[in-house]
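The structure under discussion appears below in the form of structure tokens.
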Amino acid sequence: MSLVRQNVASSADRAATRVAQVLVAVAALLVACGGEKKPNAPRDATTTVVVDSLAFMRTDSTFAAMGTTPLVCCGLYDPSFVNERAIRVVLYDPANQKAGWQILILIDRAQAGAAVTLPTAPVAPSKVPAVSMFVADLGNDLSSDADESSGTITVHSFSCGPTAIQIDFSVDATLASEFAGGPPMSVKGTFRATFPAKSCS
């Protein structure tokens, strides 16, 4: 074989070797990066998880069945009135066959771990209490703000993250009716939950 042919063959071998090396390097890079998420990849969806032992008992010793459909939000709440950052958790029955309840927590006012004594009341400059609870029973509305309410609500923890809203609270209270002469309701138990993040605005 002539020197020219040897050089051509040698160059071709080197080129093939370089191509093979590049392909191996690219394959290794793809394997190494395969477990990483792309910058524009969608976030993992947050699953709703609820651990609920709240019991709502009327004065006739019957328990009020509560709806389980959640309506939850976090952020600036009711700018025309409340106008503060809040977590709002509502559990209701879309068919209106069961009672429902709500807890509202002002993020910048409520203190995690502190027991709030009822009746709850706003502290200036807030227009609503830092923590308040409301129950819509069938034909009766009850509130932690009502004058005859008593007991405590303890918000153990709460957070508003970019993907999830988390809340953990317990209640040992009697909520008074907002209607004159309306019967009160006893509320006892705990509620812990994680919900997908949703803005109140």
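Each of Val89, Ile167, Thr48, Val90 was compared with Val72 under the side chain to side chain contact (heavy atoms under 4.5 Å, CB included) criterion, and only Val89 meets it. Of the residues Phe56, Phe158, Phe169, the one that meets the ring-ring contact (aromatic ring centres under 6.0 Å, His included) test with Phe191 is Phe169.
The shortest side-chain heavy-atom distance between Ser186 and Lys188 falls under the 4.5 Å cut-off. Side-chain contact check for Ile105 versus Ile107: every heavy-atom pair is 4.5 Å or farther apart. The shortest side-chain heavy-atom distance between Leu54 and Thr190 does not fall under the 4.5 Å cut-off. Proximity of Ser144 to Phe134: side-chain heavy atoms (C-beta onward) are nowhere separated by under 4.5 Å.
Every residue two or more places apart in sequence or in another chain that forms a side chain to side chain contact (heavy atoms under 4.5 Å, CB included) with Ser159 is listed here: Gln166. Residues satisfying the salt bridge (charged side-chain N to carboxylate O under 4.0 Å, His left out) criterion with Arg192, sequence neighbours excluded, are absent altogether. For Asp78, the side-chain hydrogen bond (donor to acceptor under 3.5 Å, both in side chains) partners two or more places apart in sequence, or in a different chain, are Ser80. For Pro79, the side chain to side chain contact (heavy atoms under 4.5 Å, CB included) test picks out Leu76, Asn83, with sequence neighbours left out. The side-chain hydrogen bond (donor to acceptor under 3.5 Å, both in side chains) test applied to Asp137 returns Arg58, not counting sequence neighbours.
With rounding to the nearest 0.5 angstrom, the CE atom of Met133 is 6.5 Å from the CD1 atom of Ile153. Between the CG atom in Leu91 and the CG atom in Leu71 there is a gap of 9.0 Å [rounded to 0.5 Å]. One finds the CZ atom of Arg109 at 4.5 Å from the CD atom of Glu84 (value rounded to the nearest 0.5 Å). Rounding to the nearest 0.5 Å gives a distance of 9.5 Å between OG1 of Thr46 and CD1 of Ile165. Taken from CD1 in Ile103 to CD1 in Ile87, the straight-line distance is 9.5 Å, to the nearest 0.5 Å.
Two different hydrophobic clusters hold Met66 and Val49 under the rule that ILVMFWY side chains link at heavy-atom gaps under 4.5 Å. Cluster membership for Val155 and Val50, using ILVMFWY side-chain heavy atoms within less than 4.5 angstrom, is shared. One hydrophobic cluster, built from ILVMFWY side chains closer than 4.5 Å, cannot hold both Met185 and Leu138; they sit in different ones.
Residue pairs meeting the disulfide bond (SG atoms under 2.5 Å apart) criterion with at least one partner in residues 113-157, sequence neighbours excluded, do not occur; the list is empty. Sorted by first then second residue, the disulfide bond (SG atoms under 2.5 Å apart) pairs that include residues 47-147, not counting sequence neighbours, are Cys73-Cys200, Cys74-Cys160. For residues 76-116, the set of pairs meeting the disulfide bond (SG atoms under 2.5 Å apart) definition, not counting sequence neighbours, is empty. For the disulfide bond (SG atoms under 2.5 Å apart) condition, no pair includes a residue of residues 90-130, sequence neighbours left out. Sorted by first and then second residue, the pairs that involve residues 149-158 and meet side chain to side chain donor-acceptor pair (under 3.5 Å), not counting sequence neighbours, are His156-Ser170. Among residue pairs with one or both ends in residues 90-104, those qualifying as side chain to side chain donor-acceptor pair (under 3.5 Å) are Arg88-Gln102; sequence neighbours excluded.
The two atoms that bring Pro119 and Ala146 nearest to each other are CB-O, 3.2 Å, heavy atoms only. Considering every non-hydrogen atom in both Phe63 and Ala55, the closest pair reads CE2-CB, 3.9 Å. The nearest pair of heavy atoms linking Ser177 to Asn140 is OG-OD1, 2.6 Å. In terms of heavy-atom proximity, Leu175 sits nearest to Val135 at CD1-CG2, 3.6 Å. Of all non-hydrogen atoms in Ala164 and Ala197, the two that sit nearest each other are N-CB, 3.6 Å. Across all non-hydrogen atoms, the minimal contact from Ser126 to Pro122 is O-CB, 3.7 Å.
Applying the 6.0 Å contact sphere to CD of Glu148 captures no more than 12 heavy atoms from other residues, nucleotides or ligands. More than 12 heavy-atom neighbours from other residues, nucleotides or ligands sit within 6.0 angstrom of CG on Asp108.
With 3.5 Å as the limit, one finds a donor-acceptor pair spanning the side chains of Asp145 and Thr120.
Under the 4.5 angstrom side-chain criterion for Ile, Leu, Val, Met, Phe, Trp and Tyr, the cluster partners of Tyr77 are Phe81, Val82, Leu104, Leu106, Val128.
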